[in-house]
A.B. asks: 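Take this structure first; my questions come after.
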Amino acid sequence: REYSVTQWPATKSILMKVRLIKTFGATIAIIAGSADGKSKKGKVEDDTKSLSEGLQVLFQGNSPEEIVNLMKECVVGTACDGSKLTSSSFDEIFSGDDLMEVYKVFLFVLKVNYANLMRGQLGISLLAKMKGKL
């Protein structure tokens with residue numbers, strides 16, 4: 001499938017940034033773990049542990065429904081193969097074997113809308129680890 005994303009209007013972008021930071025804020029640092037560049041690369045165990053700890057913190061502070069709703073709000077409006085995703089088509093498109101694709105689309109939406117925040121070692125490390133785990 002081919003996805004197309006356009007940047008959100010300023011109001012939605014600001015509101016979503018606040019919600020994303022509120023939801024994922026502490027988790028980003030934990031998941032990124034060694035984003036300062038001082039750790040040794042290639043340690044799968046460390047990456048897995050960082051991701052596991054980050055997800056644990058994420059789920060402690062947020063209900064599954066809150067996380068799903070936030071991800072859905074970010075992804076709805078994205079075009080999939082030329083058709084705009086809606087709340088009702090979300091479940092159809094990402095069902096079954098395509099469920100994991102929603103995480104990649106979610107990260108892509110964040111990258112398009114917050115590219116300046118995703119630059120730098122922290123953002124690069126987070127994206128690389130999330131892509132590798134999904």
Side-chain angles (χ1 to χ4, degrees):
R1 293 188 174 154
E2 183 175 320
Y3 293 91
S4 173
V5 176
T6 56
Q7 287 187 323
W8 295 322
T11 302
K12 181 174 181 173
S13 183
I14 294 167
L15 289 171
M16 291 306 291
K17 186 194 292 186
V18 170
R19 288 184 63 203
L20 288 162
I21 290 171
K22 184 178 177 185
T23 303
F24 295 102
T27 307
I28 290 174
I30 295 170
I31 291 172
S34 57
D36 60 4
K38 295 178 184 175
S39 69
K40 296 177 184 174
K41 299 196 183 252
K43 291 202 171 192
V44 176
E45 313 84 41
D46 291 344
D47 291 348
T48 302
K49 184 178 178 193
S50 292
L51 180 62
S52 171
E53 290 172 356
L55 291 175
Q56 182 180 7
V57 170
L58 175 64
F59 289 120
Q60 284 175 352
N62 301 284
S63 72
E65 293 81 11
E66 290 172 316
I67 296 166
V68 170
N69 287 335
L70 179 59
M71 290 179 70
K72 187 174 180 179
E73 284 183 51
C74 288
V75 172
V76 165
T78 299
C80 175
D81 293 333
S83 297
K84 190 174 184 177
L85 278 167
T86 64
S87 290
S88 57
S89 67
F90 179 90
D91 286 328
E92 296 168 19
I93 290 175
F94 297 114
S95 292
D97 292 338
D98 295 322
L99 181 60
M100 295 306 285
E101 196 166 331
V102 72
Y103 299 104
K104 294 176 185 178
V105 175
F106 174 68
L107 289 172
F108 180 56
V109 169
L110 295 183
K111 185 176 179 181
V112 167
N113 283 283
Y114 303 113
N116 58 339
L117 295 177
M118 300 306 251
R119 289 187 194 125
Q121 193 62 32
L122 179 65
I124 291 167
S125 178
L126 172 64
L127 287 174
K129 288 180 183 183
M130 291 299 289
K131 285 179 184 176
K133 304 298 180 212
L134 297 178

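Each residue takes its place number in the sequence, starting with 1.
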A.B. asks: Quick one: does Val105's side chain get under 4.5 Å of Phe94's, heavy atoms only?
C.D. replies: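 Touching, per the 4.5 Å side-chain cut-off.
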A.B. asks: What is the minimum heavy-atom distance between Ser4 and Thr78, and which atoms define it?
C.D. replies: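 The answer is O-CG2, 3.3 Å.
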A.B. asks: Report yes if the side chains of Tyr3 and Glu101 come closer than 4.5 Å at any heavy-atom pair, otherwise no.
C.D. replies: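 The answer is yes, as the side chains (C-beta and beyond) meet within the 4.5 Å cut-off.
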A.B. asks: Give a yes or no on whether the backbone of Ser63 and the side-chain of Glu66 come within a donor-acceptor separation of less than 3.5 Å.
C.D. replies: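 Confirmed, Glu66 side chain pairs with Ser63 backbone.
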A.B. asks: Nearest 0.5 angstrom please: Thr6 OG1 to Asn113 CG, how far?
C.D. replies: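 Between Thr6 OG1 and Asn113 CG, I get 7.5 Å after rounding to 0.5 Å.
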A.B. asks: Just by modelled atom types, is the Asp98 backbone N or O under 3.5 Å from a matching donor or acceptor in the Arg1 side chain?
C.D. replies: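 The answer is no, because no donor-acceptor pair under 3.5 Å joins these two groups.
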A.B. asks: I need the Glu73 CD to Ser87 OG distance, nearest 0.5 Å.
C.D. replies: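 Result: 8.5 Å between the selected atoms.
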A.B. asks: Which value, rounded to the nearest 0.5 Å, describes the distance between Arg19 atom CZ and Lys12 atom NZ?
C.D. replies: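 Going from CZ on Arg19 over to NZ on Lys12, the span is 9.5 Å.
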A.B. asks: Heavy-atom count check: over 12 atoms from other residues, nucleotides or ligands less than 6.0 Å from Asp97 CG?
C.D. replies: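 Incorrect, the count does not exceed 12.
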A.B. asks: Can you name the closest pair of heavy atoms from Val109 and Cys74 and give their distance?
C.D. replies: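 Result for this residue pair: CG1-O, 3.4 Å.
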A.B. asks: Find out whether Val102 and Phe90 are in side-chain contact, i.e. whether some heavy atom of one side chain is under 4.5 Å from a heavy atom of the other.
C.D. replies: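 With C-beta onward as the side chain, the pair touches.
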A.B. asks: State, with a plain yes or no, whether a side-chain heavy atom of Met16 is found less than 4.5 Å away from one of Leu70.
C.D. replies: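 Yes, side chains in contact.
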A.B. asks: Is there a path of hydrophobic side-chain contacts, each under 4.5 Å between heavy atoms of I, L, V, M, F, W or Y residues, that connects Met71 with Met100?
C.D. replies: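 Yes, one cluster joins them.
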